[in-house]
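Take this structure, written in structure tokens, and hold onto it; I'll ask about it next.
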Amino acid sequence: MEKMIKVYYSARDNSLLEKYLLSKQYVKIISLTDNDKEPDKIVANLTKNGVDVVVQIAPQWEWGKYIEEICVEIMLSGIKLLSGEGSMFRWFGNDFYCGSDIGFYLSPWGYSGNSKIAYELPIPAYEDFIITEKIRKLVPRWDPQNKDILIIGQSDDDKAKYYRGSTKNNIELIDKCIKLWGKERLVFREHPKGKLKINYTIRKENTGIPLKDILYKYSLCVSANSTATIEAMCCGIPTMNDGVGPWSGAKVVQKLNSTIKEYSYNDYLEPLASLVSLHYLLDFDYGDPLSKALNFYSPFNPDAFKFNCHKYNDDPKLWKGKYD
């Protein structure tokens, strides 16, 4: 990418984002003071500073209840908007047209759920396959030792519940699994930050062994929308999600249903390579997600968006500055 672009970013707790952007010769970082970031000022100050691209890792926390109006104002101003978590929690006109913004994430894997990337994985390059094979070697290959189904829990405050079709919490996900397969086969793996009090007589996986080292033993891996999906794909285990994720464009990631389909180990390679191509992977010093996202970006079409999407009781506050 030859043209110098001005980027404003909010890394939240993602230190990798700042290091990545500073390493790009075509990027000039634009800073704003805390006062300049308030809801009624931020777009005017972005425009005044000639910002071309906004990279917002956690818009729901940065902009609180103003998230929708700020997102619209930014894109109406002609500034490209890339986000990490939740992609502004938009519910779009239909399942196949997901608007103009592209989710942007550097850690650990994924583009945002409600991104076109979820439905249209790009064609990976030869180098992407090489990196993917290196990653797959870190995860034991699927070799089921029983018919147990592993349910991967998500943190109690995970915002995946805002995604279309996703369960709102772990209890709801467990309920759905019980209806599909009964209790005997189910094993629940708590999120490291989770504190779920299960009222069901299902087993818990609480050995503390890394997830990647136990996945291969199970017949199926289920989650709402966890990045554990990536580890499951690396393992080659049948995988189901009840939400929309960047991996939703892969045929090997199944929707929640009673029929479990098995794929060959090689079937997982191309979709994994597609995901790898979209991310900066620190361990391998590989990838250029900003360039990829900008090349994939399409013109903003306000007719494609339906707002008023903040449907739950959570009301995130600005972590700095005033609120009202």
* State plainly whether one hydrophobic cluster holds both V187 and L173, where clusters connect Ile, Leu, Val, Met, Phe, Trp and Tyr through side-chain heavy atoms under 4.5 angstrom apart. =>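 Different clusters.
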* Asked: Of all heavy-atom pairs between N35 and K41, which one has the smallest distance, and what is that distance?
  ->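 N35 and K41 have their closest heavy atoms at ND2-NZ, 3.2 Å.
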* To do: State the CZ-CG distance between R185 and L180, to the nearest 0.5 angstrom.
  =>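 R185 atom CZ to L180 atom CG measures 10.5 Å (nearest 0.5 Å).
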* Does atom CD of E270 have more than 12 heavy-atom neighbours from other groups under 6.0 Å away? ->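 Counting neighbours around CD of E270, 12 or fewer heavy atoms of other residues, nucleotides or ligands fall under 6.0 Å, so no.
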* To do: State, with a plain yes or no, whether a side-chain heavy atom of L275 is found less than 4.5 Å away from one of M233.
  =>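 Answer yes - side chains close enough.
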* Asked: Is C234 close to L138 at the side-chain level, that is, under 4.5 Å between some pair of heavy atoms?
  ->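 A side-chain contact is absent here, since even the closest heavy-atom pair is not under 4.5 Å.
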* To do: Check whether any side-chain heavy atom of V276 sits under 4.5 Å from a side-chain heavy atom of P124, and report yes or no.
  =>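 Contact flag for V276/P124 side chains = no.
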* To do: Dump the intermediate steps for side-chain contact (heavy atoms from CB on, under 4.5 Å) on S291 and Y26, then the final yes or no.
  => CA-CA 10 Å; S291 178; Y26 61 85; 3.8 Å; yes
* To do: Report the residues that fulfil side-chain contact (heavy atoms from CB on, under 4.5 Å) with L211, sequence neighbours left out, ordered by chain and then residue number.
  =>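 Per chain and number, L211 pairs via side-chain contact (heavy atoms from CB on, under 4.5 Å) with L150, I152, R189, I214, L215, A228, E231.
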* Asked: Roughly how far apart are I151 CD1 and N170 CG, rounded to 0.5 Å?
  ->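 Between I151 CD1 and N170 CG, I get 9.0 Å after rounding to 0.5 Å.
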* With a 4.5 Å limit on heavy-atom distance, are the side chains of N169 and E172 in contact? ->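 Answer yes - side chains close enough.
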* Can you list every side-chain hydrogen bond (donor to acceptor under 3.5 Å, both in side chains) pair that touches residues 139-152, not counting sequence neighbours? ->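 Checked against side-chain hydrogen bond (donor to acceptor under 3.5 Å, both in side chains) - neighbours excluded - the pairs reaching residues 139-152 are D148-R203.
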* Please list, chain by chain and in numerical order, all residues satisfying side-chain contact (heavy atoms from CB on, under 4.5 Å) with I123, sequence neighbours excluded. =>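 Result, side-chain contact (heavy atoms from CB on, under 4.5 Å) vs I123: none returned.
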* Spatial distance of atom CD1 (I70) from atom CD (E38) [nearest 0.5 Å] ->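 Rounded to the nearest 0.5 Å, the CD1-CD separation comes out at 10.5 Å.
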* Which atom of G50 lies closest to which atom of K6, heavy atoms considered ->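 Looking at all heavy atoms of both residues, the shortest contact is O-CD, 3.3 Å.
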* Under the side-chain hydrogen bond (donor to acceptor under 3.5 Å, both in side chains) rule, what pairs show up with a residue in residues 46-55, not counting sequence neighbours? ->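 Qualifying pairs: N45-K48.
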* Can you tell me how far the CD1 atom of I29 sits from the CG atom of L22, to the nearest 0.5 Å? ->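 The CG atom of L22 is 5.5 Å from CD1 of I29, to the nearest 0.5 Å.
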* Any link between L294 and V54 through a network of hydrophobic side chains (Ile, Leu, Val, Met, Phe, Trp, Tyr) touching at under 4.5 Å? ->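 Per the 4.5 Å side-chain linkage, L294 and V54 are co-clustered.
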* Flag yes if I237 and V252 sit in one hydrophobic cluster, no otherwise; membership is Ile, Leu, Val, Met, Phe, Trp, Tyr, and two members link when side-chain heavy atoms are under 4.5 Å apart. =>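 Hydrophobic grouping puts I237 apart from V252.
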* Treating Ile, Leu, Val, Met, Phe, Trp and Tyr as nodes and any side-chain heavy-atom pair under 4.5 angstrom as an edge, say whether I230 and Y265 lie in one connected cluster. =>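 Hydrophobic grouping puts I230 apart from Y265.
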* What residues, two or more places apart in sequence or in another chain, satisfy side-chain hydrogen bond (donor to acceptor under 3.5 Å, both in side chains) together with Y286? ->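 Residues passing side-chain hydrogen bond (donor to acceptor under 3.5 Å, both in side chains) with Y286: D128.
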* **Least distance between heavy atoms, P238 atom then K261 atom** =>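 Smallest heavy-atom distance, with atoms named: CB-O, 3.7 Å.
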* Say you draw a straight line from CG of D242 to OG of S223; how long is it, rounded to the nearest 0.5 Å? ->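 Atom-to-atom, D242:CG and S223:OG are 9.0 Å apart.
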* Asked: Excluding sequence neighbours, so at least two apart, what forms side-chain hydrogen bond (donor to acceptor under 3.5 Å, both in side chains) with S226?
  ->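 Not a single residue meets the side-chain hydrogen bond (donor to acceptor under 3.5 Å, both in side chains) criterion with S226.
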* Asked: Does V51 reach the side chain of L32, with side-chain heavy atoms less than 4.5 Å apart?
  ->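 No - every pair of side-chain heavy atoms lies 4.5 Å or more apart.
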* Asked: How far apart are the closest heavy atoms of K24 and G287, and which atoms are they?
  ->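 Minimum heavy-atom contact is NZ-O, 4.5 Å.
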* Asked: Under 4.5 Å between side-chain heavy atoms, hopping through other hydrophobics if needed: is there a path connecting M240 to Y218?
  ->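 Different clusters: M240 never reaches Y218 through Ile, Leu, Val, Met, Phe, Trp or Tyr contacts under 4.5 Å.
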* Nearest atoms (heavy-atom pairs only) where S219 meets I149 ->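 Taking every non-hydrogen atom into account, OG-CG1, 3.9 Å.
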* Asked: With sequence neighbours left out, what residues match E133 under side-chain hydrogen bond (donor to acceptor under 3.5 Å, both in side chains)?
  ->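 So E133 forms a side-chain hydrogen bond (donor to acceptor under 3.5 Å, both in side chains) with R136.
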* Nearest 0.5 Å please: distance from the CD atom of Q154 over to the NE2 atom of H191. =>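 Separation between the atoms: 7.5 Å.
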* Which ILVMFWY residues are connected to I130, directly or by a chain of links, through side-chain heavy atoms under 4.5 Å apart? ->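 Hydrophobic cluster check, I130: joined to Y126.
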* If you look at every heavy atom in T239 and A232, which pair is closest and at what distance? ->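 Closest approach of T239 to A232: OG1-CB, 3.3 Å.
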* Should I30 and L46 count as side-chain neighbours, where that means a heavy-atom distance under 4.5 Å? ->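 Sidechains of L46 and I30: no contact.
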* All side-chain contact (heavy atoms from CB on, under 4.5 Å) counterparts of A44, not counting sequence neighbours ->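 side-chain contact (heavy atoms from CB on, under 4.5 Å) check on A44 returns nothing, list empty.
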* Asked: Taking the side chain as C-beta and beyond, is there a heavy-atom pair between W181 and L220 under 4.5 Å?
  ->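 Touching, per the 4.5 Å side-chain cut-off.
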* To do: Would you indicate whether the side-chain heavy atoms of L290 and L82 approach each other to under 4.5 Å?
  =>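 SC-SC contact between L82 and L290 confirmed.
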* Name all residues meeting the side-chain hydrogen bond (donor to acceptor under 3.5 Å, both in side chains) criterion together with T33; count only those two or more places apart in sequence or in a different chain, and write none if there are none. =>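 Residues passing side-chain hydrogen bond (donor to acceptor under 3.5 Å, both in side chains) with T33: D36.
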* Connected hydrophobic set around F129, excluding itself, where side chains approach under 4.5 Å ->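 Other cluster members: L269.
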* Asked: Once the angle between the rings of Y263 and Y268 is folded into 0 to 90°, is it parallel (under 30°), tilted (30 to 60°) or perpendicular (over 60°)?
  ->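 Answer is perpendicular, since the angle exceeds 60°.
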* Name all residues meeting the side-chain contact (heavy atoms from CB on, under 4.5 Å) criterion together with S264; count only those two or more places apart in sequence or in a different chain, and write none if there are none. =>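 Residues passing side-chain contact (heavy atoms from CB on, under 4.5 Å) with S264: N266, D267.
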